[in-house]
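Okay, so here's the structure we're looking at.
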Number of protein chains: 2
Amino acid sequence: MISILLAEDQNMLRGALSTLLAMEDDFEVVQEVSNGEEAWEAIQNSPPDITLLDIEMPTLTGLEVLKKIREAKLPIKVIILTTFSKRHYIKDAMKHEVDGYLLKDTPSHELASNIREVIEKNKQVISPSIMNQLLFEQSNPLSEREVALLQLVEKGYTSQQIADTLFLSHGTVRNYTSEILQKLQKQNRTEAAFYARQQGWL
Amino acid sequence: MISILLAEDQNMLRGALSTLLAMEDDFEVVQEVSNGEEAWEAIQNSPPDITLLDIEMPTLTGLEVLKKIREAKLPIKVIILTTFSKRHYIKDAMKHEVDGYLLKDTPSHELASNIREVIEKNKQVISPSIMNQLLFEQSNPLSEREVALLQLVEKGYTSQQIADTLFLSHGTVRNYTSEILQKLQKQNRTEAAFYARQQGWL
DNA sequence: AAGATGAGATGACAAATGTCATATTGTCAT
DNA sequence: ATGACAATATGACATTTGTCATCTCATCTT
């Protein structure tokens with residue numbers, strides 16, 4: 001019997017998946033939770049064989065839960081299940097030796113077989129479209145500092161507010177902004193932020 | 001037997017819901033589609049008793065399909081099933097006499113009972129949180145012009161580009177911007193756009 | 001017909017943003 | 001120790017954005 005913990009904050013999907021998985025004879029959905037903290041507690045109290053984690057959940061993200069599991073060296077398989085194919089999510093998951101990274105776009109009937117691949121054959125399963133993206137995506141040309149800056153630009157911070165937040169001088173913020181515009185070939189910081197967000201760099 | 005058409009573009013949710021609904025003895029999921037056009041064709045070819053429509057789908061949105069159904073005066077019940085509680089989505093759905101507007105946050109076990117309410121008792125079912133929102137939400141203080149302007153601001157257009165796009169003068173665009181900042185009590189247009197988007201006004 | 005109202009324009013000014021050349025400081029490799 | 005480099009800062013300047021008072025013109029109202 002394969003015991004499964006399901007962490008997903010969208011009630012309808014969680015309930016439906018739970019029902020779906022429970023129909024498999026060799027699966028047992030032992031716990032269903034709707035946020036990261038509950039997931040982590042449940043994992044510690046009664047470790048399942050495998051956990052399916054959504055990324056964007058309240059309290060702790062799926063990636064944070066993954067990290068905790070690996071740090072505690074618990075012998076639990078982890079599949080990340082998400083809508084988002086953002087590069088840094090994927091990178092982060094890979095860094096912590098995730099066993100699976102599946103998009104919610106995956107047909108539901110493949111989920112069970114993917115779980116068996118992971119448990120029985122120790123395989124790592126990745127959605128094909130993610131693979132594709134990893135191969136062809138142009139990488140983020142922005143430094144961490146620059147990403148942070150653009151995230152504040154998006155919210156409408158003034159240069160001075162950005163400077164205060166990032167502990168930089170007013171002038172430096174404007175220099176960095178200027179750099180960003182060069183790199184991305186944009187005309188102003190708002191356009192740059194919009195573009196960077198589209199590219200999944202923020 | 002209640003025949004159901006399920007239109008939802010996220011494969012995993014669609015598959016899981018389909019399985020879930022098929023488990024009810026009095027339900028029959030006769031068709032499953034992943035975009036609006038397919039939904040509309042399927043509806044014309046073999047009309048179901050009820051259709052569950054996601055809003056944000058390729059080709060036609062769920063709301064557009066709803067509109068077509070009502071215009072053709074087909075005797076089909078329609079439940080909109082969506083992640084988004086944006087005011088104009090809800091208004092649009094109501095305008096076309098939708099039979100249900102449920103968030104994907106609804107627990108999955110409630111879905112079946114909601115479907116029966118609609119079919120057997122001719123009731124209209126609305127997610128409680130939506131009801132709440134309709135009651136307490138402060139309404140959009142922005143004019144259409146202002147909304148259009150902010151949508152361009154978001155993308156990083158300059159005042160001049162906005163002027164060209166909306167067929168206004170440079171100065172007028174800046175006057176309108178100034179008005180918006182007053183209304184929303186913000187410091188600059190990017191912040192105003194960010195806020196307005198958060199409020200679901202864009 | 002006279003006045004009110006609303007969409008849009010103009011121009012002048014202040015503040016914020018973007019550009020650029022140049023400076024300071026710390027770290028790293030040789 | 002020296003030079004290369006990266007990160008950060010300064011100041012001067014041009015452009016864009018935001019504010020405000022005032023203007024035009026069409027449409028409504030009474």
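The analysis underlying the following values was restricted to heavy atoms, covering all of them including side chains, and did not include hydrogens, waters or symmetry mates. Letters go in sequence order (proteins before strands), and every chain restarts at 1.
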For nucleotides 10-19 of chain D, 5' to 3', base contacts (B), sugar-phosphate-only contacts (S) and non-contacts (-) with protein non-hydrogen atoms under 4.0 Å give B-B----BBB
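- Put simply, the side chain of B/Glu146 gets close to the backbone of B/Ser143: a donor and an acceptor are under 3.5 Å apart.
- Taking the ring centre of A/Phe194 as origin, the terminal cationic atom of A/Arg189 falls outside the region bounded by 6.0 Å and 45° from the ring axis.
- If you measure from atom CZ of A/Phe167 to atom C1' of D/dA7, you get 17 Å, rounded to the nearest angstrom.
- Using a 4.0 Å cut-off between charged nitrogen and carboxylate oxygen, B/Lys123 and B/Glu117 count as a salt-bridge pair.
- Atom P of nucleotide D/dA7 and atom CG of A/Leu166 are separated by 14 Å, given to the nearest angstrom.
- The base-pairing partner of C/dT30, taking Watson-Crick or G-U wobble contacts with both distances under 3.5 Å, is D/dA1.
- In this structure, A/His109 NE2 and B/Ser18 OG are separated by 12.0 Å, a value rounded to the nearest 0.5 Å.
- Annotation: side chain of B/Leu52 is not in contact with side chain of B/Leu5 (no heavy-atom distance under 4.5 Å).
- Residues A/Lys104 and A/Leu13 have side chains in contact (heavy-atom distance under 4.5 Å, counting atoms from C-beta outward).
- The distance between atom OH of A/Tyr176 and atom C1' of C/dC20, rounded to the nearest whole Å, is 16 Å.
- Atom CD in B/Glu191 sits roughly 19 Å away from atom P in C/dA15 (whole-Å rounding).
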